[in-house]
Amino acid sequence: HNLTVLISGNGSNLQALIDACASGDLPNTRITHVISNRKAAYGLERAQKSSIPTTYHNLVPYKKKHAATAAGTQKARTEYDADLASLILSHTPAPHLIVCAGWMHILTPDFLTPISAAGVKVINLHPALPGEFAGAGAIERAWTAGREEGLERTGVMIHEVIAEVDAGEAVVTREVELREGEGLEELEGRIHEVEHGLIVEGTRKVLEGVGK
Ligand SMILES: N[C@@H]1O[C@H](COP(=O)(O)O)[C@@H](O)[C@H]1O
């Protein structure tokens, strides 16, 4: 199976996938393309160190192109997303699955429609449980709810990507308890540990269903 991985930052979850492909934890699977929307993403270096082709897909030229037009931002995102879909599908070998691993850009139907028409699934890693803390800053919001509202646990999920942010059907989930007096950085560390295992488990589960 071929994976395309979308990233925006450090890439520790991408690294977990790279290591799982190498160890056989993800059997018969290889990452054939890594795409970032941020040039400085360290994840791009991780991919290059593993000889994986990389692409930096920059939104700025799209924004500049449409800056003078009404709804320019919307037009820019529409074109950006449509081009992202075609650069993924025109890459050889084509992917069986797209994994969003710390990808911080909301994917619109301009991306999702051509991708699903090509029969390719898209999954995303999100550091919260289904229906909770959708969007950015999920770990910190759960930490604050633990301190202020007595929330006892948060979690991590791998879910299918639909147009509504962090709302697609969950593939795998894992609860993470909130500990009294724990600092935010400690909680982030524990959540990242869980993420690195769950992204491999979720990817494996979806790939087991691919081609059946
Ligand atoms: N969306 C969130 O961004 C972080 C990315 O980490 P990394 O994989 O780039 O290290 C992860 O915590 C992920 O859940």
Side-chain angles (χ1 to χ4, degrees), residues 3-23 25-26 29 31 33-50 52 54-59 84 97-108 111 122-146 153-178 182-206:
L3 297 182
T4 291
V5 181
L6 307 185
I7 63 165
S8 296
N10 173 30
S12 67
N13 288 285
L14 164 64
Q15 192 66 54
L17 291 169
I18 291 173
D19 298 345
C21 291
S23 70
D25 209 10
L26 276 175
T29 303
I31 301 173
H33 200 187
V34 169
I35 301 173
S36 175
N37 64 333
R38 303 227 174 103
K39 194 173 187 185
Y42 180 65
L44 289 172
E45 286 185 41
R46 293 178 190 269
Q48 284 145 16
K49 281 187 184 132
S50 296
I52 300 167
T54 60
T55 302
Y56 163 46
H57 188 45
N58 184 5
L59 181 58
L84 178 63
L97 176 63
I98 298 166
V99 183
C100 301
W103 167 255
M104 305 304 275
H105 169 92
I106 297 169
L107 296 168
T108 64
F111 173 86
V122 188
I123 57 175
N124 180 51
L125 164 71
H126 185 63
L129 294 171
E132 298 182 3
F133 307 113
I139 303 176
E140 183 165 0
R141 289 153 58 202
W143 178 72
T144 304
R153 55 117 202 75
T154 183
V156 177
M157 67 171 169
I158 306 293
H159 64 92
E160 292 193 13
V161 175
I162 59 173
E164 194 188 342
V165 175
D166 300 326
E169 192 180 332
V171 174
V172 281
T173 65
R174 187 74 32 82
E175 286 196 2
V176 176
E177 65 166 353
L178 293 169
E182 182 178 45
L184 176 56
E185 276 183 28
E186 283 169 281
L187 175 61
E188 283 171 344
R190 287 197 297 123
I191 288 202
H192 291 327
E193 283 291 312
V194 171
E195 288 181 330
H196 299 157
L198 209 66
I199 198 159
V200 173
E201 196 182 318
T203 300
R204 189 188 310 119
K205 188 172 176 187
V206 175

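Here, residue 1 is the first one in the sequence, and each next residue gets the next number. In this text the structure is predicted, and so the values were computed from the model without any measurement. Below, each value reflects all heavy atoms present in this structure, side chains not excepted, and no hydrogens, waters or symmetry copies. Counting convention: from 1, in listed order, for ligands and their atoms alike.
No part of Glu188 comes within 4.0 Å of ligand 1, judged by heavy-atom distances.
Between the side chain of Arg204 and the backbone N or O of Asp25, at least one donor-acceptor pair lies under 3.5 Å.
Between atom CD1 of residue Ile123 and atom CD of residue Glu169 there is a gap of 12.5 Å, rounded to the nearest 0.5 Å.
Looking from atom 6 (O) of ligand 1 to the surrounding protein, the closest heavy atom is Asn13 ND2, 3.6 Å. Of all protein heavy atoms, the one lying nearest to atom 9 (O) of ligand 1 is Gly11 N, 2.8 Å. With hydrogens left out, the protein atom closest to atom 10 (O) of ligand 1 is Ser12 OG, 2.5 Å, a heavy atom.
Below 4.0 Å from some heavy atom of Met104 lie the following atoms of ligand 1, by number and element: 1 (N).
Where the criterion is an N or O separation shorter than 3.5 Å, residue side chain and backbone included, Ile139 fails it with respect to ligand 1.
Scanning His126, Glu195, His196 for the heavy atom closest to atom 12 (O) of ligand 1 points to Glu195. When Gly137, Gly102, Ala128 are ranked by how near their heavy atoms come to atom 2 (C) of ligand 1, first place goes to Gly102.
Inspection of the Arg38 and Asn58 side chains reveals no N or O donor paired with an N or O acceptor under 3.5 Å. Neither side chain, Asn37 nor His105, offers a donor N or O lying under 3.5 Å from an acceptor on the other. Residues Glu132 and Thr154 bring no donor and acceptor atom of their side chains to less than 3.5 Å of each other.
Ile106 CD1: 12 or fewer foreign heavy atoms inside a 6.0 Å radius.
Residue contact check for ligand 1: Pro127 places a non-hydrogen atom closer than 4.0 Å to it.
Between Val122 and Phe111, the closest heavy-atom pair is CG2-CE2, 4.2 Å.
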